[in-house]
Amino acid sequence: MFVQEFSSHTKRSLMLLTHKENIVKFSWLLPSFLSLILFGSTVKANGAMPAAGIAIANWHFDSNRNHLDFTTDENVQPKVQLLTNPTRLVIDLSGVTLGYPQTSQRVGPVIRDIRIEQFNAETTRMVVTLAPDYTFDLAQVQLQEESPNHWSVQLPKPIRLTATQPQYLEITPSISPRVNDNSTLFAGVVPMHSPMKALEPQIKALMSRYSFLKTGMFFLDLDTGDYLDIGGDRVFPAASTIKLPILIAFFQDLDAGKVTLQENLTMRRDLVTNGSGSMQYERVGKKYTALETITKMITISDNTATNMIIDRLGGAAKLNQRFRSWGLKDTVIRHLLADLRGTNTTSSQDMARVLALVVNNKLVSPQSREQALDILRHTTIHTLLPAGLGKGAVIANKTGDIGFLIGDAGFVTMPNGKRYLAAIFVTRPYKDTRGRDFIRQVSRLVYDYLNQPNPVAAVDLDNRVTR
């Protein structure tokens, strides 16, 4: 799956995604004029109900101008994403509750449909879907604020896929060997190409300067198959990165109809724990929806929420069996959180494997994949891998920190469209900030290397990347 995110720039909002182009081009043949008038209750961005309790979201699509207009309550900030397989333009309205079932409108052979749906508890999503043999080229899709509650999206013209254009993989899932076992596929879905040999000296020079740290890392360019594997199969305490595969297991059960997002979970005394998160300070017996619980589990890394999800999914033993079925060799839950002794384990390759399977549609449905990645993009800790990324990059990631161990694993989309997986773990003297600095510098070296038109890093006498 390819995800390119954009957001509007207004005086009233924080900038969610910024790069100097901040636009996406796609094209289509538009058969007719389409106008949808959709009514539903909305919630203001700050969570307060509007005075009347009812608002109108008015979509108006003009096929002659390739122009979409819609209205919202004030203080709603639309966020636009470009997704593939199939190609879709997605507009998320955070803080808006639809208030009625998904509504769709069939359009034609190229624009298949336009629909509006409740994406999660506080987000309404507008989706425009293209036919499978059409794609979007990188150029301009312009989101414009016409007034505090009126937005427009200007779209350009179509591109049809040809035999020479890259196709997205649809390979049957398998339990593949590790990268260093002469496998041609990582996780059974990503063709392996060659190691990032030009980058290795830079990373190893950095490791020598931080020789008191023990590290393992794995980075994989999803577009070329090039990879950096330095101790990627080394087993480490998982800390809160264990919450990443737990999240995916939840969405698997959601797809299977075994759980729902709106079901209530009770915070039992035996599941309440210390460490990260705020739920531990609430009264025992309080109920949370499953969506609230998984969101807290990831975004604020709530340990109590994690224990509630582990319990809801059948316990650690069943989850461990699930992880093995995905081909994870090192990822094991041995103790409920907070696991401050580090008995739960994983590896960089295992974390990258989970992400590779997810973004290639092998573990969950496309809708669940998008929702899981969206939750991961809203984590509140940005001091590790995200701190090394360039302006405009987007990461869906989960960190872990138990003092003597820190780690981070994520799926990165760069402004130029390149996508890569990143996973790194470091053991360090207890709470030594140099471990954090090391991860940031590794992240920056990999990002700068992949940001080159033809990633080949030169090495100077100081073992630094030069261009």
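In this text, all values refer to a predicted model and were calculated from it rather than measured experimentally.
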F323 and V354: side-chain contact (heavy atoms from CB on, under 4.5 Å), yes or no, with the steps? CA-CA 9 Å; F323 298 160; V354 173; over 6 Å; no

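- Between the D302 side chain and the T304 main chain, a donor and an acceptor come within less than 3.5 Å of each other.
- No salt bridge links K398 with D408; every basic N to acidic carboxylate O contact stays at or beyond 4.0 Å.
- Remark: N451 CG to R444 CZ distance equals 8.5 Å, nearest 0.5 Å.
- No side-chain donor from either of T293 and R312 sits under 3.5 Å from a side-chain acceptor of the other.
- Across every non-hydrogen atom of V127 and E117, the tightest pair is CG2-OE2, 4.1 Å.
- Remark: side-chain polar atoms of Q262 are not paired, donor with acceptor, to backbone N or O of T289 under 3.5 angstrom.
- Considering every non-hydrogen atom in both F438 and M217, the closest pair reads CZ-CE, 4.0 Å.
- S347 and D233 form no side-chain donor-acceptor contact under 3.5 Å, judged by distance and modelled atom types alone.
- The environment of NE2 in H382 is crowded: more than 12 heavy-atom neighbours from other residues, nucleotides or ligands sit within 6.0 Å.
- D255 contributes a side-chain N or O that, together with a main-chain N or O of S365, makes up a donor-acceptor pair within less than 3.5 Å.
- A donor-acceptor pair under 3.5 Å is formed between the side chain of S348 and the backbone N or O of G216.
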Starting from the C-alpha separation in whole Å, work towards a yes-or-no answer on salt bridge (charged side-chain N to carboxylate O under 4.0 Å, His left out) for D350 and K329. CA-CA 7 Å; D350 268 13; K329 299 182 179 181; over 6 Å; no

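- A cation-pi arrangement is absent between R434 and Y210 under the rule of less than 6.0 angstrom and at most 45 degrees off the ring axis.
- One finds a salt bridge joining D253 and R322 here, because a Lys/Arg side-chain nitrogen approaches an Asp/Glu carboxylate oxygen to under 4.0 Å.
- Taking the six-membered ring where the residue is Trp, Y420 and F219 present tilted rings, their angle falling between 30° and 60°.
- Atoms OG1 and CZ, from T413 and F411 in turn, are 4.0 Å apart once rounded to the nearest 0.5 Å.
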Give the C-alpha distance, both sets of side-chain angles, the deciding distance and a yes or no for ring-ring contact (aromatic ring centres under 6.0 Å, His included) between Y430 and F404. CA-CA 4 Å; Y430 192 77; F404 69 91; 7.5 Å; no

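- Considering every non-hydrogen atom in both A356 and V189, the closest pair reads O-CG2, 3.8 Å.
- Judged purely by atom type and a 3.5 angstrom limit, Q252 uses its side chain to pair as donor or acceptor with the backbone of L363.
- With salt bridges taken as basic N to acidic carboxylate O contacts below 4.0 Å, none links D401 and K431.
- A 6.0 Å sphere centred on CZ of R341 holds no more than 12 heavy atoms belonging to other residues, nucleotides or ligands.
- Side chain of N397 to backbone of A409: no donor-acceptor contact under 3.5 angstrom is found.
- Taking CG of L319 as the reference point, atom CZ of F250 lies at 12.0 Å (rounded to 0.5 Å).
- Distance alone, capped at 3.5 Å, places no donor-acceptor pair between the R377 side chain and the I395 backbone.
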Before you tell me yes or no, could you show the steps for I248 and W326 under side-chain contact (heavy atoms from CB on, under 4.5 Å), namely the whole-Å CA-CA distance, both residues' side-chain angles and the distance that decides it to 0.1 Å? CA-CA 11 Å; I248 303 309; W326 300 348; 4.0 Å; yes

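- Screening Q367, R115, E370, Q118 for a side chain to side chain contact (heavy atoms under 4.5 Å, CB included) involving R125 leaves a single residue, E370.
- By the 4.0 Å N-to-carboxylate-O rule, D221 lies close enough to K418 to be salt-bridged with it.
- In this structure, the side chain of N344 engages the main chain of R334 through a donor-acceptor pair within 3.5 Å.
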Go through D229 and R234 one step at a time and tell me if the salt bridge (charged side-chain N to carboxylate O under 4.0 Å, His left out) criterion holds. CA-CA 10 Å; D229 183 5; R234 186 173 291 161; over 6 Å; no

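- Side chain of S443 to backbone of I439: no donor-acceptor contact under 3.5 angstrom is found.
- Annotation for G435 and R428: closest pair CA-CD, 4.3 Å, computed over non-hydrogen atoms.
- Between K79 and D374 there is a salt bridge, since a side-chain N of the basic residue sits under 4.0 Å from a carboxylate O of the acidic one.
- Remark: the T345 side chain and the D330 side chain contain no N/O donor-acceptor pair separated by less than 3.5 Å.
- The distance from atom CE of M297 to atom CG of L247, rounded to the nearest 0.5 Å, is 5.0 Å.
- The main-chain N or O of R268 is never found under 3.5 Å from a side-chain atom of T266 such that the two would form a donor-acceptor pair.
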Pair T306-I246, side-chain contact (heavy atoms from CB on, under 4.5 Å): steps then yes or no: CA-CA 8 Å; T306 306; I246 293 172; 3.9 Å; yes

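- In this structure, M308 CE and N303 CG are separated by 13.0 Å, a value rounded to the nearest 0.5 Å.
- The heavy-atom pair separating L254 from S368 by the smallest distance is CD2-OG, 4.1 Å.
- Looking only at atom types and distance, the side chain of S240 has a donor-acceptor partner in the side chain of S301 under 3.5 Å away.
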Between Q441 and I203, is a side-chain contact (heavy atoms from CB on, under 4.5 Å) present by the stated rule, with each step listed? CA-CA 9 Å; Q441 292 178 60; I203 302 296; over 6 Å; no

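- Scanning all heavy atoms of the two residues, the minimum distance from L450 to N416 falls at O-ND2, 4.3 Å.
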